[in-house]
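Have a look at the structure below before the remarks.
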Amino acid sequence: MKVGFIGLGIMGGAMALNVRSAGYEMVVYDVRREAAAPHLKAGAKWADGPRQVAQQSDIVFTSLPGPREAETVGAELLEGMRPTAAWFDLTTNSPTVVRRLNARFAEKGIPMLDAPVSGGPRGAQTRKLALLVGGASAVFDRFRRVLDAIGDRVIYIGPIGAGSVAKLVHNCAGYAIQAALAEVFTMGVKAGVDPLELWAAVRQCSLGRMRTFDRLGNQFLQGKFEPPDFALKLAHKDGALATELARELGVPMRIASLTHAEMTEALNRGWGERDSRSFLLLQEERAGVKIAVPAEKIQQVLDRG
Ligand code: NAD
């Protein structure tokens with residue numbers, strides 16, 4: 001089976017390397033040719049565009065910034081793909097867009113499935129990644145082994161769009177929870193408690209035992225948002241997709257909308273290329289609090305269990 005991979009960024013680059021390591025023949029493309037260097041070194045072939053990838057592949061993966069790029073690449077894939085092949089879009093995409101693309105592909109008898117991922121760059125590198133899949137279950141079953149090369153939690157959810165809906169539910173919850181945690185932490189620090197000691201203590205309380213606070217150690221507590229694990233501009237896109245979906249469905253999303261407005265404000269500060277969590281700095285500013293704990297001290301707390 002020959003695998004095509006388009007979009008070799010923070011996530012796609014690592015996922016594609018794992019597919020290649022599993023022994024699949026591979027053809028790759030990215031608008032930034034230099035992103036393909038590790039893949040070509042590992043034996044993958046370069047193609048000059050999405051259509052050329054499609055013509056050579058039994059399965060095509062895309063890991064693109066968002067709906068706009070997925071539609072552009074999708075139009076070219078449609079011209080090149082064989083009816084026996086399938087497209088799995090790993091992008092965090094709009095459910096409405098993936099359903100539209102799926103319908104267009106169905107007219108030519110080509111299956112298109114949405115399969116957004118969760119686990120971050122480290123998960124993509126180590127294969128500790130969840131794949132949330134929507135689309136034809138028979139096609140999912142047919143390509144299951146390649147999906148297993150990308151993630152250790154490959155989950156079929158339902159018809160086309162189901163993967164994207166689940167992904168937006170997950171991400172939107174994550175951002176809203178982070179915004180709430182930043183609020184209470186700035187209050188705690190301003191009330192005179194050392195941020196590291198505060199974090200070390202609440203980690204051991206009832207919410208803390210669910211690991212709710214642990215990831216605050218990554219960027220927020222360190223006050224360090226570069227290099228990004230996940231760019232703010234992409235997180236902002238996810239927030240927009242979730243709140244747009246809510247509007248389409250007539251679901252009020254007060255907390256998510258507020259969180260998204262925070263992200264918009266952070267984008268306007270020029271923080272789009274910083275990590276997604278940099279929007280939490282706005283709350284620090286409002287509170288008049290600066291949190292910057294050295295990484296090694298955070299690690300010492302984590303090592304205590
Ligand atoms: P990224 O910007 O690092 O990667 C996107 C890649 O797509 C880049 O290499 C870019 O050059 C390429 N690209 C853009 N337009 C293209 C086109 N028209 N044709 C071919 N290649 C094109 O972003 P990322 O962090 O790897 O995220 C990729 C997707 O995965 C996004 O949808 C994101 O929301 C999602 N995601 C990211 C994370 C994370 O933690 N980084 C986690 C889960 C899901």
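In listed order, ligands and their atoms are each counted from 1. Every heavy atom of this structure was used, including side-chain atoms; hydrogens, water molecules and symmetry mates were not.
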Nearest to atom 26 (O) of ligand 1, what protein heavy atom do you find, and at what distance?
Met11 N, 2.7 Å
Does Ser118 come within less than 4.0 Å of ligand 1, judged by its heavy atoms?
no
Heavy atom of Ala35 under 4.0 Å from ligand 1?
no
Quick one: does Thr91 get an N or O within less than 3.5 Å of an N or O on ligand 1?
no
For Asp238, is there an ion pair with Lys167 - N to carboxylate O distance below 4.0 angstrom?
no
If you measure from each non-hydrogen atom of Thr72 to ligand 1, which part falls under 4.0 Å: side chain, backbone, both or neither?
neither
Would you call Arg127 and Asp148 a salt bridge, using N to O less than 4.0 angstrom?
no
Just to be sure I'm reading this right: ignoring hydrogens, which of Val28, Asn93, Leu90, Val31 gets closest to atom 16 (C) of ligand 1? Compare them by their nearest heavy atoms.
Val31
Greater than 12 external heavy atoms within 6.0 Å of Arg68's CZ
no
In a check of side-chain contact (heavy atoms from CB on, under 4.5 Å) between Met263 and each of Lys237, His236, Lys233, which one passes?
His236
With heavy atoms only and a cut-off of under 4.0 Å, state how Lys167 meets ligand 1: side chain, backbone, both or neither.
side chain
Heavy-atom contacts with Tyr29 under 4.0 Å: which atoms of ligand 1 show up? List them by number with element.
19 (N), 20 (C)
For Ile6, the ligand 1 atoms with a heavy-atom partner under 4.0 Å come out as 20 (C)
Report the member of Pro228, Ser63, Pro67, Gly119 with the shortest heavy-atom distance to atom 28 (C) of ligand 1.
Ser63
What do you reckon, does Gly7 have a nitrogen or oxygen under 3.5 Å from a nitrogen or oxygen of ligand 1?
no
So does Lys290 have more than 12 non-hydrogen atoms from other groups sitting under 6.0 Å from NZ?
yes
Between ligand 1 and Glu69, is the shortest N or O to N or O distance under 3.5 Å?
no
Identify, for atom 2 (O) of ligand 1, the protein heavy atom at the shortest distance, and state residue, atom and that distance.
Leu234 CD1, 4.3 Å
Heavy-atom proximity to atom 4 (O) of ligand 1, best of Ala124, Gly9, Gly66:
Gly9
Val117 touching ligand 1 at heavy-atom level, < 4.0 angstrom:
yes
Does the ring center of Trp271 lie less than 6.0 Å from the ring center of Phe225?
no
